[in-house]
2 protein chains.
Amino acid sequence: MVEIAAQAAAARHRTPLSKARVLETAVALADEGGVDALSMRKIAQALGVVPMALYKHVANKNELLDGMIDVVVGQIDPPAVGTDWKTAVRRRVLSARRMLLRHPWAPGVIESRMKARANPTLVVMEYLDSMIGIFREGGFSIDLTHHAMHIMGSRLLGFSQELFEDGSGRDPEPDMPPPDELAERFPYIAELAMAVAHDDESVVGSGCDDQFEFEFALDLTLDGLERLHSTA
Amino acid sequence: MVEIAAQAAAARHRTPLSKARVLETAVALADEGGVDALSMRKIAQALGVVPMALYKHVANKNELLDGMIDVVVGQIDPPAVGTDWKTAVRRRVLSARRMLLRHPWAPGVIESRMKARANPTLVVMEYLDSMIGIFREGGFSIDLTHHAMHIMGSRLLGFSQELFEDGSGRDPEPDMPPPDELAERFPYIAELAMAVAHDDESVVGSGCDDQFEFEFALDLTLDGLERLHSTA
DNA sequence: ACCTGAACACCGTTCAAGT
DNA sequence: ACCTGAACACCGTTCAAGT
């Protein structure tokens, strides 16, 4: 009797439940109805499963949201090889934009999860590391690379908050490798973090003057507009 | 007996309940604990009032969120007079940034409400209209002003989604004046909307090529970085 | 006519009872 | 040991009963 029911369930959904299948379904539901209408109960219903079954594959809804972020950020094309930095950055940002058009809920979820976690997820760090790498391999100084990342701002992931807030004093995420392993895996982020922390002598904490970076980016934009205005 | 209770309540809160007081309390609670932790029940509790009493001053939670947006956007300084466009834009954007640092929940709420409504709220339109006005009074062509607003993007209100999505077919908001009155009240928005709609011959709908605007802004940014890179 | 408590339909998650 | 239904503590909002 129980076996028959189990077989019926297996027949209805030929693949057994897995974290990947839960995340795919969640992404699809968010694409359709927005993230506000997404609930554990609806995901379970879409999978033909009792709500509590999801908790075998994701610890809670926050971990589900982190997993959804990883799914969609993983859809961004890897950096182009054999081109100059400018076309490499351009192509990658346009690929990120195509992803964000497919998943309009993504910027908000990435931003809110970023505020709650001590670090971005590993997949997001991977993306940022390789983006920093494009500038560094293109011959940008560390300082200019730092400014560049701030200037790109919302074009990288569709929102404009800081990517690395001050996470000191917060509990590290359980899935996060130790700092030395992170530094090895994301060399460009590590290089930038070291340089910024060392460079800045007066302020402790994040070691990055957000106000300066904001004004730097604003002025670059205004200068660009002024140039267009005067030549038009 | 009832009068005594009423007097006691009036003594505890010397000002009677009003929409302004509800909104102020909601903004303060969101500043403290974030917008996710904000609920009608908690606002009522903070005001020493039964939850249902709030519904006398705001129709529902969406209207409450709209009201909160208006409160904080109203805190942005008006445009400076007697200066060139560049310093006027610069000062105003920095004023907007100060507001967003005080109310970190604001970008997310503005963005999500923008998606749900056919138009931004009147206070947001006021802000955008006067920002467009700075460029126009500074001698910018309509086209360049249009590009400029897209380029300013996330610096205006802290997020990067489109400010005017295609709202055709959606019910107009009940508090929204008729189109002709809107055009009179927000002349710069009206001028821009007319020009964009007329300019664009092939596409119906919003009449604004978002992909083109995105790439225009991206290329301006990349050109600015290239200039810094080569002169450094 | 006004106010409001109870109730409804949701939600994420805990927990104990069932197998 | 595993799975899951009931239950808990929330939520926004409706509605009818009370004054």
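In what follows, every chain begins at residue 1, and chains take the letters A, B, ... in the order their sequences are listed. Atom set for the values below is all heavy atoms of this structure, side chains included, hydrogens, waters and symmetry mates excluded.
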Protein-nucleotide distance ([X], atom [atom1]; [N], atom [atom2]), rounded to Å:
| X | N | atom1 | atom2 | answer |
| --- | --- | --- | --- | --- |
| B/Asp36 | D/dC10 | CG | P | 16 Å |
| A/Leu38 | C/dC10 | CG | P | 16 Å |
| B/Lys42 | D/dA9 | NZ | C1' | 12 Å |
| A/Leu47 | D/dC3 | CG | P | 16 Å |
| B/Asn60 | D/dG12 | CG | P | 11 Å |
| B/Ile43 | D/dC11 | CD1 | P | 11 Å |
| A/Gln45 | C/dG12 | CD | C1' | 16 Å |
| B/Leu54 | D/dG12 | CG | P | 10 Å |

Between B/Asp66 and B/Arg117, does at least one N-O distance fall below 4.0 Å, as a salt bridge requires?
yes
Quick one: do B/Lys19 and B/Glu63 make a salt bridge, cutoff under 4.0 Å?
yes
With a cut-off of less than 4.0 Å, is there a side-chain N or O of B/Lys56 near OP1 or OP2 of C/dC3?
yes
Taking only side-chain nitrogens and oxygens of B/Lys61, does any of them come within less than 4.0 Å of OP1 or OP2 of D/dT13?
no
Give a yes-or-no answer on whether the side chains of B/Gln211 and A/Arg97 include a donor-acceptor pair shorter than 3.5 Å.
yes
Please determine, by modelled atom types, if A/Asp36 and A/Trp105 share a side-chain donor-acceptor pair under 3.5 angstrom.
no
Partner of D/dT14 under the Watson-Crick or G-U wobble criteria, both distances under 3.5 Å, comes out as C/dA6
Counting Watson-Crick and G-U wobble pairs only, both distances under 3.5 Å, name the nucleotide matched with C/dT19, or none.
D/dA1
Along DNA chain D (nearest heavy atom to each residue), the more 5'-positioned of A/Ala53 and A/Arg41
A/Ala53
Identify which nucleotide among D/dT13, D/dC3, D/dA6 has an atom closest to any side-chain atom of B/Met52, counting heavy atoms from C-beta outward.
D/dT13
So which nucleotide from C/dC11, D/dT13, C/dT13 ends up closest to the side chain of A/Tyr55?
C/dT13
In whole Å, what separates the P atom of C/dT13 from that of D/dC2?
22 Å
Sort and list the pairs that fulfil ring pair (Phe, Tyr, Trp, His ring centres under 6.0 Å) and have at least one residue in residues 23-50 of chain A, not counting sequence neighbours.
none
